[in-house]
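Letters go in sequence order (proteins before strands), and every chain restarts at 1.
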4 protein chains.
Amino acid sequence: MDFRSDQAIYLQIADFIIEMILTGKWPEDEKIPSIRDLAVEIEVNPNTVMRTYNQLQADGIIYNRRGIGYFVGEQARENARAIKKQEFINSDLPRLFKTMHLIDLSLDDLELLYRQYSENSN
Amino acid sequence: MDFRSDQAIYLQIADFIIEMILTGKWPEDEKIPSIRDLAVEIEVNPNTVMRTYNQLQADGIIYNRRGIGYFVGEQARENARAIKKQEFINSDLPRLFKTMHLIDLSLDDLELLYRQYSENSN
Amino acid sequence: MDFRSDQAIYLQIADFIIEMILTGKWPEDEKIPSIRDLAVEIEVNPNTVMRTYNQLQADGIIYNRRGIGYFVGEQARENARAIKKQEFINSDLPRLFKTMHLIDLSLDDLELLYRQYSENSN
Amino acid sequence: MDFRSDQAIYLQIADFIIEMILTGKWPEDEKIPSIRDLAVEIEVNPNTVMRTYNQLQADGIIYNRRGIGYFVGEQARENARAIKKQEFINSDLPRLFKTMHLIDLSLDDLELLYRQYSENSN
DNA sequence: GTGGTCTAGACCACC
DNA sequence: GTGGTCTAGACCACA
């Protein structure tokens, strides 16, 4: 796993976990890697992973059983998707549209770029 | 002026100035507010405004006449638009599209939201 | 049985057993569930139950006959009540009163809440 | 400042700050000590203080201005008192009353203990 | 100066 | 084994 430098590592780990959940690779109530294991695997300090887990727990996406580990929460997929969607619509989109307007980029242009992106990611 | 906490203030000021230029409110060669005046008006430290002006000058969007002040540069609109566009396509869009995919938001959904946004901003 | 996360599970189990004893549901010299059985019933690790039983035995509330099981001790009710009372007065109450003072809750308010609680628990 | 060992230090610091706010010693919009300063004063690691500030910010009790510091939030007194009160009524009180019942302690007994406590804290 | 992040390593309670 | 807390110290961006 390699990290971008423009965002905190613990947030990028959170995005990774949310992706695992949203794509169904980590189903509901499944145990997720222990803090130590994940830290070793992605080569970061355990404290950094713990910070990620703390936040995801506060968001209701994962939960924790004492001495056992962390688990994917009930309805984590729905919750995570809802949270992400709200964030997206409330804070990303307005900025997106405003920028599009400023740089004179139409919806059609955006559609074109989207198709290019889709092709490249296949 | 109120600032988001997820981006440096000096960058948000830069965006504001670019918006003024792109929308034509500050035309080419027009004097822009002095560092001190702008700092007072938007209630930030003059150092912060200076940082904004320095960067915009480095980008060729504004220029400065010693002892007189800062001015909108020649072809500032074109330059600013080109810079914004590059930024947008290279760094904003990919993450945008990835998020859209994760939260199951289609281009059609986006179009709908765009129309809602357009109506509200009128 | 579901556990709060703000206290060790083995202590919550101890509270449960003490409650059984104080309310007379488990009378003196009666055999209590085996470690294994209780562990299965409340879905915790047997080690955790063992820890509870060890402590209760050390407190003189239960005793154990090798190969047979654990039993409610002689005068377990009196002992348990005395221990709980000491704990309560020495460590719970001071913090309680301090909090009451901070949130501006009077003895009269407390009395009111007590009546509400009594009604609901009937 | 000396800390009990039965609760995390960062939570005890939070309680201290809430007390400062509730008693009016730190009024609304007042700057609170910087992370470093408070850490030096109470002789803990800055990370520990930061943890406290993070939580209080999440609770809406303090807020932060980039590069300047942390401040007592708007209506922090009301919010803090409300949060504390909810916690108290929902989680402390039921346990309190249950324990009182188990150890055969009446409201009158409690009142007596309260008066003793009040005298001692003067 | 301010906070934010990260690492390294320690100790602890708990399961 | 698990997580939770704390320290020490570093580096960074920002105001």
Subject >> Trace of the side chain to side chain contact (heavy atoms under 4.5 Å, CB included) decision for C:Ile61 with C:Tyr53 >> reply: CA-CA 9 Å; C:Ile61 295 172; C:Tyr53 282 16; over 6 Å; no
Without decimals, in angstroms, what is the distance between [X] [atom1] and [N] [atom2]?
{"X": "A:Phe3", "N": "E:dC6", "atom1": "CZ", "atom2": "C1'", "answer": "12 Å"}
{"X": "D:Asp6", "N": "F:dT5", "atom1": "CG", "atom2": "P", "answer": "13 Å"}
{"X": "D:Tyr53", "N": "E:dT5", "atom1": "OH", "atom2": "C1'", "answer": "18 Å"}
{"X": "A:Met50", "N": "E:dC12", "atom1": "CE", "atom2": "P", "answer": "17 Å"}
{"X": "D:Ile35", "N": "E:dG1", "atom1": "CD1", "atom2": "P", "answer": "15 Å"}
{"X": "D:Arg4", "N": "F:dT5", "atom1": "CZ", "atom2": "C1'", "answer": "16 Å"}
{"X": "D:Leu38", "N": "F:dC6", "atom1": "CG", "atom2": "P", "answer": "14 Å"}

Original post:
Under 3.5 Å, is there a donor-acceptor pair between the side chain of D:Thr52 and the main chain of D:Tyr10?
Top reply: yes
Subject >> First encountered from the 5' end of DNA chain E, between D:Asp37 and A:Glu43 >> reply: D:Asp37
**OP:** Would you list the pairs meeting salt bridge (charged side-chain N to carboxylate O under 4.0 Å, His left out) in which at least one residue belongs to residues 44-61 of chain B, sequence neighbours left out?
**Re:** none
With a cut-off of 3.5 Å and sequence neighbours excluded, list every side-chain donor-acceptor pair involving residues 11-22 of chain B.
{"residue": "B:Gln12", "atom": "OE1", "partner": "B:Arg4", "partner atom": "N", "Å": "2.9"}
{"residue": "B:Gln12", "atom": "NE2", "partner": "B:Arg4", "partner atom": "O", "Å": "2.7"}
{"residue": "B:Gln12", "atom": "NE2", "partner": "B:Gln7", "partner atom": "O", "Å": "2.7"}
{"residue": "B:Asp15", "atom": "OD1", "partner": "B:Lys84", "partner atom": "NZ", "Å": "2.6"}
{"residue": "B:Glu19", "atom": "OE1", "partner": "A:Lys98", "partner atom": "NZ", "Å": "3.0"}

**OP:** Scan D:Tyr70 against the nucleic acid and name what it touches under 4.0 Å (heavy atoms): base, sugar-phosphate only, or nothing.
**Re:** sugar-phosphate
Subject >> Gap separating the OG1 atom of A:Thr48 from the CD1 atom of A:Ile42, nearest 0.5 angstrom >> reply: 8.5 Å
**OP:** Just need the stems in DNA chain E: three or more back-to-back Watson-Crick or G-U pairs, each with both distances under 3.5 angstrom, sorted by first number.
**Re:** E:1-14 with F:1-14
Subject >> side-chain hydrogen bond (donor to acceptor under 3.5 Å, both in side chains): pairs with one or both residues in residues 64-83 of chain A, sequence neighbours excluded >> reply: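 Pairs touching residues 64-83 of chain A that pass the test: A:Asn64-A:Tyr70.
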Restricting to non-hydrogen atoms, name the atom on [X] and the atom on [Y] that form the minimum distance, rounded to 0.1 Å.
{"X": "D:Gly73", "Y": "D:Tyr63", "answer": "CA-CD2, 3.5 Å"}
{"X": "D:Ile32", "Y": "D:Ile62", "answer": "CD1-CD1, 4.1 Å"}
{"X": "A:Pro46", "Y": "A:Ile35", "answer": "O-CG2, 3.5 Å"}

Subject >> Nucleic acid footprint by protein, nucleotides 9-15 of chain F - heavy-atom cut-off 4.0 Å, B for base, S for sugar-phosphate alone >> reply: B----BS
Original post:
Side chains of C:Asn47 and C:Met50: does their closest heavy-atom pair fall under 4.5 Å?
Top reply: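 With C-beta onward as the side chain, the pair touches.
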**OP:** Could you tell me whether the side chain of D:Asp37 reaches within less than 4.5 Å of the side chain of D:Val40, counting heavy atoms only?
**Re:** no
Original post:
Quick one, which residues of residues 54-65 of chain A touch DNA chain E with a heavy atom under 4.0 Å?
Top reply: none
